[in-house]
Novice: 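Quick one: the structure is below, and I'll ask about it shortly.
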Amino acid sequence: EQADIRLRAAKLLIRVDPARAREVLEELAGSGLPAVAEAAGLEVGPAAANDVPALRRLLRSPVRLARVSAAAAVLRLAR
């Protein structure tokens, strides 16, 4: 339940403080809770949208949805 609250807070932080939101989302993506890790993985790409080193790191994430989300963010940058 605490992880769910942190996930929602991080999603709200993306527009205000994307670096902090990304930190929280990356931490949650590495959590042992599969549902939380997948949900955080979906959000972490948009949080790192303009941070190329972070996107490169996320492309190597063990969380599949984090890799997909990072790849989508890279494609948006390439447009």
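Note that the structure is predicted; figures quoted are calculated from it, not measured. In this chain, numbering begins with 1 at the start of the sequence shown.
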Novice: For the atom pair CZ (Arg8) and CZ (Arg6), what is the distance rounded to the nearest 0.5 Å?
Specialist: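 The distance works out to 14.0 Å.
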Novice: Over all heavy atoms of both residues, which pair between Leu55 and Ala49 is shortest? Give the atoms and the distance, please.
Specialist: CD1-O, 3.7 Å
Novice: Considering only heavy atoms from C-beta outward, does the side chain of Glu26 approach that of Ser61 to under 4.5 Å?
Specialist: no
Novice: Quick check: is Val24 connected to Leu33 through a chain of hydrophobic side chains (ILVMFWY, heavy atoms under 4.5 Å apart)?
Specialist: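 Both belong to a single hydrophobic cluster.
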Novice: For residues Asp51 and Pro53, report the shortest heavy-atom separation together with the two atoms involved.
Specialist: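 Smallest heavy-atom distance, with atoms named: OD1-CD, 3.1 Å.
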Novice: If you take all heavy atoms of Ser69 and Pro46, which pair is closest and at what distance?
Specialist: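 Looking at all heavy atoms of both residues, the closest pair is OG-CD, 3.3 Å.
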Novice: Spell out, yes or no, whether Leu7 and Val63 are grouped together once hydrophobic residues are joined by side-chain heavy atoms under 4.5 Å, including indirect joins.
Specialist: no
Novice: When hydrophobic residues are tied together by side-chain contacts of less than 4.5 Å, even through go-betweens, does Val44 share a cluster with Val36?
Specialist: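 Yes; tracing contacts between hydrophobic side chains, which count when under 4.5 Å, links both residues.
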Novice: Tell me the closest heavy-atom pair linking Ala37 and Ala29, and the distance in Å.
Specialist: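 Taking every non-hydrogen atom into account, CB-O, 3.2 Å.
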Novice: Are the side chains of Leu25 and Ile14 in touch, meaning some heavy atoms are under 4.5 Å apart?
Specialist: yes
Novice: Any chance you could measure Asp4, atom CG, to Leu28, atom CG, to the nearest 0.5 Å?
Specialist: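 Here the interatomic distance stands at 9.5 Å.
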Novice: Rounded at 0.5 Å granularity, tell me how far CZ in Arg79 sits from CZ in Arg76.
Specialist: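 Rounded to the nearest 0.5 Å, the CZ-CZ separation comes to 8.0 Å.
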Novice: Near Arg56 CZ, under 6.0 Å, is it more than 12 heavy atoms from other residues, nucleotides or ligands?
Specialist: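 Open: at most 12 neighbouring heavy atoms sit under 6.0 Å from CZ of Arg56.
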Novice: Rounded to the nearest 0.5 Å, how far does CG of Leu42 lie from CZ of Arg64?
Specialist: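 The CZ atom of Arg64 sits 8.5 Å away from the CG atom of Leu42.
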Novice: Atom CG in Asp17, atom CD in Glu23: separation rounded to 0.5 Å?
Specialist: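 Result: 8.0 Å between the selected atoms.
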